[in-house]
Colleague: 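One structure, pasted below without further comment.
Here the structure is a predicted model, which means the values were calculated and not measured. Throughout, a chain's letter reflects where its sequence line sits, starting with A, and its residues are numbered from 1.
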Number of protein chains: 2
Amino acid sequence: MSTLTRVPRGEARARLIDAARSLIRQRGFAATSVDDLCAAAGVTKGAFFHHFASKEALGVALVEDWTVMTGAMFAAHPYNTLPDPLDRVFGYIDLRRELLGQPLLDFSCVAGTTVQETYESSPPIREAAERSIRSGFAHVQPHLEAALAAHPVPGVTAESLAQQFQIATQGGIILAKALNDAAPARAAFDHLERYLRLLFGRA
Amino acid sequence: MSTLTRVPRGEARARLIDAARSLIRQRGFAATSVDDLCAAAGVTKGAFFHHFASKEALGVALVEDWTVMTGAMFAAHPYNTLPDPLDRVFGYIDLRRELLGQPLLDFSCVAGTTVQETYESSPPIREAAERSIRSGFAHVQPHLEAALAAHPVPGVTAESLAQQFQIATQGGIILAKALNDAAPARAAFDHLERYLRLLFGRA
DNA sequence: GATTACATACCAACTGGTCGGTATTTTTAT
DNA sequence: ATAAAAATACCGACCAGTTGGTATGTAATC
């Protein structure tokens, strides 16, 4: 992490956010110091506090960047183009299971990690995480709405079902961290798929 | 949090763990300092490092205490005495939904909170959290096993279903923290119940 | 000639942890 | 039964390193 080669002018902010995404995913927000971030990004503290008013502001920026990143990634995926809405939902589930094949650091969620620590101590970060999680609903909710329009299920709303995808995602990450194994997280989406097939009569 | 009245001899350790449970649930492990803990417990640093070799050791002790506490709480609950195994499962779900009516600080999970931050940085805490989560499986898994013995469901194991309860619990807590609302967490158990009713043909 | 984008040196407050001491309880020897 | 000894439970001052943040200076860009 030495700064032998100077970081090109204009890249400091992006590199700090990249470093934050990586370090905070590993250690959490509080355990990651500003010095750590600067060293990992290859910039100095001057650069840090030029771009971010505080460590908290970096946290907000990180979560907002995460929302944009993940939003773009899901929006660009082919599952969105399937003709049948329920197939789009199952396509999303497939994608999530694929992601769970990667290393933990690559599928863990920045919003979930940060909000766990900061939901009480930092309202701005909590609010950014709320926006991020809500934007996650949007990756399936429209497809669920279309599927429910074609095949209504009494007592079940698209919003509530969309939330279950985030519950499975976030809960799966915690189980994966605790058990050091992503299998239970993958199983969560197996169960979710089976549940949906039962609800929609799609054996 | 002043120490005007001296803490009776012999209570320091228990009070430190109580303080840790409360503070770490609010702020997380890294953001809670040893000084904070001592102040909240009404003891000095001498007491802290007499009972715990390090802050990490306190973390391990806290999670282990949590495992015992929650284990005793669930074991003592009447849902365990219902004659039908599936009714015991639904009784457990009812209990979980009840807990979600309390303030967030009372239903958030110590193991989930700490492992989120420390799964990479502290193997001992991660292992304690793993034991805690696994002990959580045991609160439903025997009932699920009995239910599956009476009514087998192809492709579904009691272990995998039991894990889903922890996924719903942990994921629900994160959603509750992010959205500042426990409703999605409660909905997770509604969906889980509906899923089980469909699996076991219990409308 | 501003403004932006950094670098460097610096700071007070706090961090986890140590250490010598003391009051209280428990164990042991008589 | 009791005094001495040993162990336990705690206190509180202290320490070196780290924390988030600031103040000042400088090179590049607009």
Colleague: Going by the rule side-chain contact (heavy atoms from CB on, under 4.5 Å), which residues pair with B:Ser121 if we only count those two or more places apart in sequence or in a different chain?
Modeller: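 Once residues adjacent in sequence are excluded, the partners of B:Ser121 under the side-chain contact (heavy atoms from CB on, under 4.5 Å) criterion are B:Thr118.
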Colleague: Could you check which residues of residues 12-25 of chain A get a heavy atom under 4.0 Å from DNA chain C? Sort them by number, please.
Modeller: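 Hits under 4.0 Å, by residue number: A:Ala12.
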Colleague: Can you list everything that forms a ring-ring contact (aromatic ring centres under 6.0 Å, His included) with A:Phe107? Sequence neighbours excluded, please.
Modeller: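 ring-ring contact (aromatic ring centres under 6.0 Å, His included) check on A:Phe107 returns nothing, list empty.
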Colleague: In the 5'-to-3' direction, what one-character label does each nucleotide of nucleotides 24-30 of chain D receive under the scheme B = base within less than 4.0 Å of a protein heavy atom, S = sugar-phosphate only, - = no such atom?
Modeller: ----BS-
Colleague: Please report whether the ring centroid of B:Tyr92 lies less than 6.0 Å from that of B:His143.
Modeller: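 No, the ring centres sit 6.0 Å or more apart.
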Colleague: Quick one: do A:Asp18 and A:Arg21 make a salt bridge, cutoff under 4.0 Å?
Modeller: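 Looking at A:Asp18 and A:Arg21, the cut-off is met.
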Colleague: When the C1' atoms of the five terminal pairs at each end define the local axes, what inter-axis angle does the helix from C:dG1-D:dC30 to C:dT30-D:dA1 show, to 10 degrees?
Modeller: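 The angle separating the two end axes equals 20°.
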Colleague: Give me each pair satisfying ring pair (Phe, Tyr, Trp, His ring centres under 6.0 Å) with a member in residues 5-31 of chain B, each pair once, sequence neighbours excluded.
Modeller: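 Listed by first then second residue: nothing to list.
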Colleague: What is the distance, to the nearest angstrom, from the CG atom on B:Asp35 to the P atom on D:dC11?
Modeller: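 It is 14 Å, rounded to the nearest whole Å.
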Colleague: Could you tell me which residues satisfy salt bridge (charged side-chain N to carboxylate O under 4.0 Å, His left out) with A:Arg186, sequence neighbours excluded, listed by chain and number?
Modeller: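 With neighbours one apart ignored, the set is empty.
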Colleague: Grab the CZ-P distance between A:Arg27 and D:dT18 for me, whole Å please.
Modeller: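 Interatomic distance, CZ of A:Arg27 to P of D:dT18: 13 Å.
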Colleague: List the residues meeting side-chain contact (heavy atoms from CB on, under 4.5 Å) with B:Asp94, not counting sequence neighbours, and say none if there are none.
Modeller: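 If we apply the side-chain contact (heavy atoms from CB on, under 4.5 Å) test to B:Asp94, skipping adjacent residues, the hits are B:Arg97.
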Colleague: For B:Ala14, what residues pass the side-chain contact (heavy atoms from CB on, under 4.5 Å) criterion, not counting sequence neighbours?
Modeller: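 For B:Ala14, no residue satisfies side-chain contact (heavy atoms from CB on, under 4.5 Å) once neighbours in sequence are set aside.
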Colleague: Checking A:Asp84 now: which residues fulfil side-chain hydrogen bond (donor to acceptor under 3.5 Å, both in side chains) with it, not counting sequence neighbours?
Modeller: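 By the side-chain hydrogen bond (donor to acceptor under 3.5 Å, both in side chains) rule, A:Asp84 matches A:Arg202.
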Colleague: Looking at residues 49-57 of chain B, who's got a heavy atom less than 4.0 Å off DNA chain C?
Modeller: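 Nucleic-acid contacts, sorted: B:Phe49, B:Ser54, B:Lys55.
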Colleague: CZ of B:Phe48 versus C1' of C:dC19: gap in Å, rounded?
Modeller: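 Rounding to the nearest Å, CZ of B:Phe48 and C1' of C:dC19 are 17 Å apart.
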Colleague: Holding to side-chain contact (heavy atoms from CB on, under 4.5 Å), I want the full list of residues that pass it with B:Phe49, two or more places apart in sequence or in another chain.
Modeller: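 Scan of B:Phe49 (side-chain contact (heavy atoms from CB on, under 4.5 Å), adjacent residues dropped) gives B:Val34, B:Lys45.
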